[in-house]
There are 2 protein chains.
Amino acid sequence: MLTRLYDADEAAKQWSSARSIADAATMSVKFLEQILGELRSAGIVKSRRGSSGGHALAMAPDEVTLAKVIRLMDGPIAPLACVSLNYYERCEDCKEEECGLRRVMVQARDAQLSILEHRSLQDLI
Amino acid sequence: MLTRLYDADEAAKQWSSARSIADAATMSVKFLEQILGELRSAGIVKSRRGSSGGHALAMAPDEVTLAKVIRLMDGPIAPLACVSLNYYERCEDCKEEECGLRRVMVQARDAQLSILEHRSLQDLI
DNA sequence: ACTATTCCCATTAAACTTATAGGAATTAAA
DNA sequence: TTTAATTCCTATAAGTTTAATGGGAATAGT
């Protein structure tokens with residue numbers, strides 16, 4: 001769905017309307033607007049109001065890593081909060097240095113991030 | 001919590017009561033019983049009723065991969081249902097062969113599984 | 001002024017997670 | 001054979017999160 005936002009010629013600054021994207025993805029415009037709002041306030045998408053307004057990518061496609069988008073949409077990538085880089089929360093009654101589960105979960109997190117941090121919108125086409 | 005189940009001498013078949021485990025983990029016995037029930041019906045844990053009954057691992061600690069346990073407790077490991085090995089669900093209106101997102105998510109899934117399928121309870125101690 | 005569009009906020013509806021509760025079945029031991 | 005400890009089964013409540021809808025104000029082009 002995001003890929004539609006950079007089909008347009010960058011110089012020409014084509015703004016895709018929420019309506020047109022929603023139609024293509026068969027989802028409600030209102031719901032889509034909400035998602036685009038999140039993307040905008042995260043700086044991934046920029047928008048222009050008014051009669052022939054719309055939405056467009058705010059940065060180059062290869063700068064939008066999947067990790068960024070997923071964190072924004074789905075929250076933490078890490079399987080446990082105590083190994084999350086961006087949404088860390090400590091477990092209660094846990095000595096992190098000694099926790100074997102945590103040690104393994106860090107490995108799992110890093111394995112996944114090694115993919116998601118190095119794949120961008122560019123790679124989705 | 002699971003690690004407590006194989007502290008005991010395997011030959012002596014020590015059965016840990018739900019109560020004793022719950023105390024150590026500061027959780028309600030009833031809640032723990034529910035979890036142990038799931039583990040039992042998945043064949044990871046076996047139980048014995050009656051006066052001096054309890055629970056014990058049903059297989060060697062190194063056979064209990066984290067992938068097994070996580071799938072049982074948390075469901076799919078894959079970040080999207082359409083790339084899940086055990087809980088696959090097709091996306092609607094999607095030609096999987098052409099879907100760039102899916103291609104990347106498969107990579108992310110495999111990266112994570114390469115850890116979780118090769119780490120067992122044994123590795124948590 | 002008129003119209004198409006984003007933008008913001010509030011609300012509902014559905015789903016899932018977490019936890020609690022009661023009691024039947026089973027077993028060992030007294 | 002009675003008693004006590006324990007698993008086992010099922011229902012349900014409470015809480016949280018997610019998905020979706022809706023109304024209307026702000027903006028910009030014509």
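On a predicted model such as this, the values are computed, not experimentally measured, just so you know. The sequence lines fix the lettering, A, B, ..., with proteins before strands; numbering per chain opens at 1.
- The distance between atom CZ of B:Phe31 and atom P of D:dG15, rounded to the nearest whole Å, is 15 Å.
- Computed from C1' positions of five pairs at each end, the angle between the two local axes of the helix from C:dA1-D:dT30 to C:dA30-D:dT1 equals 10°, rounded to 10 degrees.
- For the pair A:Asp62/A:Leu121, no side-chain contact is recorded, criterion being any heavy-atom separation below 4.5 Å from C-beta on.
- When the nearest nucleotides of DNA chain C are assigned to B:Asp74 and A:Gly54 by heavy-atom distance, the more 5′-ward of the two goes with A:Gly54.
- Atom CG of A:Asp23 is separated from atom C1' of C:dA4 by 15 Å (rounded to the nearest Å).
- For C:dT20, one of the phosphate oxygens OP1 or OP2 lies less than 4.0 angstrom from a side-chain nitrogen or oxygen of B:Ser28.
- One interatomic measurement links the two molecules: CZ of B:Arg48 to P of D:dA5, which rounds to 16 Å at whole-angstrom precision.
- Residue A:Leu32 contributes atom CG, which lies 14 Å from atom P of D:dA19 at whole-angstrom precision.
- In terms of hydrophobic clustering, with Ile, Leu, Val, Met, Phe, Trp and Tyr side chains grouped at heavy-atom distances under 4.5 Å, A:Ile70 and A:Met73 are assigned to a common cluster.
- A donor-acceptor pair under 3.5 Å is formed between the side chain of A:Ser41 and the backbone N or O of A:Gly37.
- The separation between B:Lys46 atom NZ and C:dT26 atom C1' is 18 Å, rounded to whole Å.
- Checking B:Arg19 against A:Ser51, the closest nucleotide of DNA chain D that is more toward the 5' end is the one next to B:Arg19.
- Atom CD in B:Glu38 sits roughly 11 Å away from atom P in C:dT17 (whole-Å rounding).
- The hydrophobic cluster containing A:Val29 does not contain A:Ile21, counting ILVMFWY residues as joined when their side-chain heavy atoms lie under 4.5 angstrom apart, directly or transitively.
- Side-chain contact check for A:His55 and A:Ser16: no donor-acceptor pair (N or O, by modelled atom type) lies under 3.5 Å.
- Within the structure, the salt bridge (Lys or Arg N to Asp or Glu O under 4.0 Å) test picks out the following pairs touching residues 100-118 of chain B (sequence neighbours left out): B:Arg71-B:Glu117, B:Glu96-B:Arg102.
- Taking the side chain as every heavy atom from C-beta outward, A:Leu72 and A:Val69 never approach each other to under 4.5 Å.
- What you find for B:Leu113 and B:His118 is that their closest heavy atoms are O-ND1, 4.2 Å.
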Show the distances under 3.5 angstrom between N or O atoms of the protein and N or O atoms of nucleotides 8-13 of chain C.
unit_1	atom_1	unit_2	atom_2	d
C:dC8	OP2	A:Arg40	NH1	3.1

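- If you take CE of B:Met27 and P of C:dT18, they are 11 Å apart, rounded to a whole angstrom.
- Of the residues near DNA chain C, A:Ser52 and B:Gly50, the one whose nearest nucleotide (by heavy atom distance) lies more toward the 5' end is A:Ser52.
- Rounded to whole Å, atom C1' of C:dA4 lies 16 Å from atom CH2 of A:Trp15.
- Remark: A:Ser47 is in phosphate contact with C:dC7, judged by side-chain N or O atoms under 4.0 Å from OP1 or OP2.
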So A:Leu116 and B:Gln107, side chain to side chain contact (heavy atoms under 4.5 Å, CB included) or not? Walk me through it. CA-CA 9 Å; A:Leu116 297 180; B:Gln107 295 173 358; over 6 Å; no

